[in-house]
S.K.: 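Before I ask anything, here is the structure I am working with.
What you see is a predicted model, and the numbers here were worked out from it, not measured in a lab.
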Amino acid sequence: MSKRKKKKKHLGKPKKSYSTFYQQGLQLFRNQDYKKAIKAWREALRLTQDKDLSRKLAQAHFRYALSLHRPQQGELIISELHQSIKRDSEKAIYHYHLGLIYHEQHQYANAVSSYKQAVKLDPKNERFLHHLQLAQWENHQSVDTGKNDIDFNFLSLIRAENYKKAKEYAEAHGQELLHEGILYKAIITTMVDNGGKTAKKLWKKCQEISEYSMLACYYLGLIYTQEKKWTSALKHLEMAVTEPKLKRDCESALLMIYKYQASELVNSGEEKKAKRFWNKIAEIDPSDELAYNSIATVIEDGYRHAVDGNISQAMRTWKRVINKGSNHPLLLQNYAIACDKQENFSQALENWEELAIVWQKQIANKDASESLKAKLSLVYRRIGELFFEEEDLARAEKAYSNALRYNPGDLKLELRLVYLDFERENINKALSKLKHLHKQHPQNVKITEMMVTAYLDKEDLGKAIECTITLLELQPKHQEARELIHHLGRTYTFRLLEDDELDSACQILKNLIKVDGNFIVFRTLLAQVLFRKKQKSEAEKELELVIELATNKALAHAEVGKTYVLLNRGKEAQVHLKKAEELSSDPDCLCALAVAHLLYNKKIGMRYLKKYVATDPNNYKLYINISEEMLAYNENLALDVMTQGMKAHPESIELSMSLLILAMKLEEFEVFDKVANKLRKLAIKTGEYDIIEVVNMLEMMLNTSDFLDDFDDDDDDFDDDNFDDSFFRELFS
């Protein structure tokens with residue numbers, strides 16, 4: 001291979017590539033910064049249209065919509081959900097959540113339309129049908145038939161405000177009333193009987209229904225207040241106040257209890273304990289006269305400025321007192337929060353760390369309450385996030401570890417520490433932690449998802465498949481996992497076939513069929529493996545089963561035809577390939593037809609390859625997909641496919657790199673030389689200079705391999721065992 005001189009060029013600022021924007025968006029998405037992830041991925045899509053990335057962008061819009069506050073940001077939520085549907089209209093959950101927000105805004109016609117689309121995409125989902133029926137009833141429409149747990153006779157009595165009859169009806173049909181029925185029965189009983197044991201019992205049932213748990217907490221808090229059970233009342237109301245819709249009502253109830261408790265403590269001479277309630281009063285209503293009994297006076301002044309939109313003045317008000325030496329937790333907390341809102345993260349970090357020190361001292365001086373430990377854990381978590389954003393991973397890890405110390409068992413914190421390992425590319429350490437967490441939480445979907453990612457990073461496809469199978473067992477409707485198992489299952493099987501590891505291929509395919517027996521490709525691949533294992537009768541049965549299960553499915557006939565091509569049974573192959581072409585021209589079918597015809601007749605196969613890639617002309621990965629499959633059957637054809645791909649996409653670094661590695665593997669030195677030159681030029685053009693280092697390394701490996709092959713090509717009389725190779729060991733050390 002000839003040596004090449006490097007030409008120095010004056011280069012401007014390198015432009016960001018698709019890969020840069022994609023990875024940036026991926027990291028932001030992992031950090032739950034969905035807004036910025038959307039921006040990065042949009043930039044990536046401007047450079048390269050990628051269906052997979054478009055679906056990820058849809059998910060980012062959806063996650064961002066869920067993170068927004070309802071109902072204050074209702075319009076923005078609707079806009080984001082529409083963006084999700086625009087990018088991926090086949091996701092039922094996107095339509096369902098759009099229906100929910102319309103339902104909340106009493107836009108019943110829009111809600112019905114969205115729910116109907118969700119039900120159409122996922123007709124077996126009872127939750128979707130349930131909300132569709134309720135929206136139709138509220139919109140005075142005829143209700144869709146299907147499983148129904150809503151008693152519309154009962155709801156009609158409530159609509160007519162005939163509460164007495166509604167109560168009688170509820171008592172007579174108590175066992176039949178589910179979901180909304182329990183809720184309305186609880187409300188009516190509370191109104192008619194003014195609370196009491198029956199109402200309390202019903203509200204406790206409502207707590208078990210996630211949609212109504214916060215409302216149940218609110219009403220239980222009111223009932224406990226009537227019974228003067230203050231601890232229980234505060235516990236439930238302080239939980240319910242976190243729900244935006246209930247915030248104002250909960251705060252009114254809490255103010256009453258706080259004032260009563262503070263008054264009782266003052267009367268009994270326990271003024272220090274009363275201060276705790278005064279500060280809580282100040283958090284809700286800084287203008288209340290009791291707020292002036294403590295540091296809340298200063299906090300109130302700051303609040304007043306903050307409410308008026310003058311955050312800077314609020315910060316100055318609080319900072320003056322902090323500078324005088326006051327380290328009251330509420331002051332530090334509010335100032336840190338204000339700094340966060342102003343994106344003054346260095347000041348925020350300083351105050352969060354100061355607050356952590358104050359609360360640590362309180363914990364050291366006495367037996368700390370669990371609530372104080374929980375608050376300190378949250379502070380350390382925020383400190384960790386700020387260090388993480390600054391890319392100070394060592395200090396971020398220390399902060400997250402402290403957060404976990406004060407809230408042991410917090411799975412989110414455990415996973416944040418795992419994220420740090422991913423960031424440091426310490427995949428083995430991340431995987432070790434994930435395995436430990438998986439033993440503790442075997443049903444947790446997030447842990448299993450991260451294990452899949454870890455094994456993919458390690459390129460351990462076998463383990464990645466095992467974890468994806470587990471993920472599908474935990475969550476059968478996990479669409480991304482199902483798409484991934486299809487891709488991984490095929491890729492891993494092709495590699496095993498390429499290495500002639502037939503027993504392993506047979507076992508993995510049987511496992512895959514157990515979790516997704518409807519995916520035709522797994523069954524036809526199993527038939528191919530069984531034929532190669534000379535288990536002809538079993539293989540024939542598998543092919544017969546494929547044809548029986550999917551008589552009129554194009555992909556089934558294409559895959560069966562491909563299998564017959566591999567068996568040199570041309571007539572049978574042509575029957576099925578022709579049938580496949582008649583039934584459909586979707587991309588998956590065209591892909592299978594392209595592979596089958598390439599194996600049967602290269603010239604015809606290339607025509608089908610053109611048809612396949614024409615379904616998505618900008619997607620260079622289509623060539624890689626076919627090439628990976630062809631490697632299991634015919635290496636030279638795989639090289640031809642990749643060469644065609646490079647002609648169609650001369651600017652694709654990933655495609656060129658794949659072709660370079662394939663040429664190296666097949667020892668096609670002339671192809672390797674041409675592609676290496678091409679890659680260097682592309683790297684300079686795009687500013688991705690690390691590609692040049694990779695090419696140089698591969699070139700050096702190939703040269704070293706050639707040298708060692710030449711050196712070892714000796715006559716049989718040479719005594720290798722007695723040869724002193726110390727010089728060469730030193731040369732290569």
Side-chain angles (χ1 to χ4, degrees), residues 49-52 54-55 88-92 120-123 479-480 482-491 493-494 509 512-513 516-528 542-567 569-630 632-633 637 641 644-645 648:
Q49 288 301 311
D50 185 327
K51 285 185 179 179
D52 289 338
S54 188
R55 284 194 288 269
D88 190 357
S89 61
E90 299 303 306
K91 279 274 190 182
K120 181 181 177 182
L121 292 169
D122 190 359
Q479 190 58 35
E480 287 184 12
R482 195 162 296 281
E483 290 172 5
L484 180 62
I485 203 76
H486 293 170
H487 172 69
L488 291 180
R490 294 175 67 168
T491 303
T493 302
F494 294 144
L509 285 167
L512 289 166
I513 288 169
D516 195 351
N518 292 325
F519 189 54
I520 298 299
V521 177
F522 292 158
R523 291 190 179 277
T524 52
L525 280 172
L526 179 58
Q528 293 172 29
E542 200 65 43
L543 283 180
E544 288 170 9
L545 181 60
V546 171
I547 298 168
E548 183 184 333
L549 287 174
T551 308
N552 292 316
K553 287 191 177 179
L555 183 60
H557 287 287
E559 289 292 334
V560 172
K562 185 202 305 179
T563 305
Y564 281 135
V565 168
L566 292 165
L567 298 172
R569 288 158 63 172
K571 289 184 179 179
E572 291 166 284
Q574 286 301 322
V575 169
H576 288 284
L577 293 175
K578 186 177 179 182
K579 182 70 173 175
E581 196 167 357
E582 288 172 357
L583 287 171
S584 175
S585 60
D586 70 80
D588 288 339
C589 183
L590 286 173
C591 179
L593 286 169
V595 173
H597 283 289
L598 279 166
L599 293 168
Y600 189 68
N601 183 308
K602 180 181 173 182
K603 187 176 180 181
I604 297 173
M606 282 298 178
R607 289 209 300 266
Y608 278 92
L609 174 65
K610 287 180 181 178
K611 283 185 181 181
Y612 170 52
V613 297
T615 60
D616 191 359
N618 295 321
N619 189 357
Y620 61 84
K621 290 183 179 178
L622 299 182
Y623 290 96
I624 296 175
N625 293 344
I626 288 189
S627 178
E628 286 179 350
E629 184 170 350
M630 294 303 300
Y633 309 124
L637 280 174
V641 169
Q644 288 295 319

S.K.: Which heavy atom of Phe522 sits nearest to which heavy atom of His486, and what is that distance?
M.R.: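 Here Phe522 and His486 meet closest at CZ-CA, 3.9 Å.
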
S.K.: State which residues pass side chain to side chain donor-acceptor pair (under 3.5 Å) with Lys602; sequence neighbours excluded, sorted by chain then number.
M.R.: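 Counting only residues at least two positions away or on another chain, Lys602 forms a side chain to side chain donor-acceptor pair (under 3.5 Å) with Asp640.
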
S.K.: With Tyr564, which residues qualify under ring pair (Phe, Tyr, Trp, His ring centres under 6.0 Å), at least two apart?
M.R.: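 Ring pair (Phe, Tyr, Trp, His ring centres under 6.0 Å) list for Tyr564, sorted by chain: His576.
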
S.K.: Measuring only between side-chain heavy atoms, which start at C-beta, is Arg482 closer than 4.5 Å to Phe519?
M.R.: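 Side-chain contact under 4.5 Å: no.
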
S.K.: From Asp50 CG over to Lys621 NZ, what is the distance, rounded to the nearest 0.5 angstrom?
M.R.: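 Reported value, rounded in 0.5 Å steps: 5.0 Å.
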
S.K.: With a 4.5 Å limit on heavy-atom distance, are the side chains of Lys578 and Glu582 in contact?
M.R.: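 Answer yes - side chains close enough.
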
S.K.: Starting at CD1 of Ile604, measure out to CG of Leu609 and round the result to the nearest 0.5 Å.
M.R.: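 Nearest 0.5 Å value for the CD1-CG distance: 14.0 Å.
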
S.K.: State whether the number of non-hydrogen atoms from other residues, nucleotides or ligands found under 6.0 Å of Lys579 atom NZ is greater than 12.
M.R.: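 Open.
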
S.K.: Just verifying a value: how many Å separate Cys589 SG and Lys611 NZ, rounded to the nearest 0.5 Å?
M.R.: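 Interatomic distance, Cys589 SG to Lys611 NZ, rounded to 0.5 Å: 10.5 Å.
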
S.K.: Is the closest side-chain heavy-atom distance between Leu121 and Lys91 below 4.5 Å?
M.R.: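 SC-SC contact between Leu121 and Lys91 ruled out.
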
S.K.: Check whether Thr615 reaches the backbone of Tyr612 with its side chain - one donor and one acceptor, N or O, closer than 3.5 Å.
M.R.: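 Indeed, once roles are kept as given, a pair shorter than 3.5 Å links the two residues.
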
S.K.: Using 0.5 Å steps for rounding, measure from the CG atom of Leu525 to the CG atom of Leu512.
M.R.: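 CG of Leu512 is found 9.5 Å from CG of Leu525.
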
S.K.: Any salt bridge linking Lys562 with Glu559? Criterion: basic side-chain nitrogen under 4.0 Å from a carboxylate oxygen.
M.R.: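 So Lys562 pairs with Glu559 through a salt bridge.
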
S.K.: To the nearest 0.5 angstrom, please state how far the CZ atom of Arg523 sits from the CG atom of Leu509.
M.R.: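 Reported value, rounded in 0.5 Å steps: 11.0 Å.
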
S.K.: Would you say Leu577 and His557 make side-chain contact, with heavy atoms under 4.5 Å?
M.R.: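 Not in contact.
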
S.K.: When rounded to the nearest 0.5 angstrom, what distance separates CD1 in Ile513 from CD in Glu542?
M.R.: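 One gets 5.0 Å once the value is rounded to the nearest 0.5 Å.
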
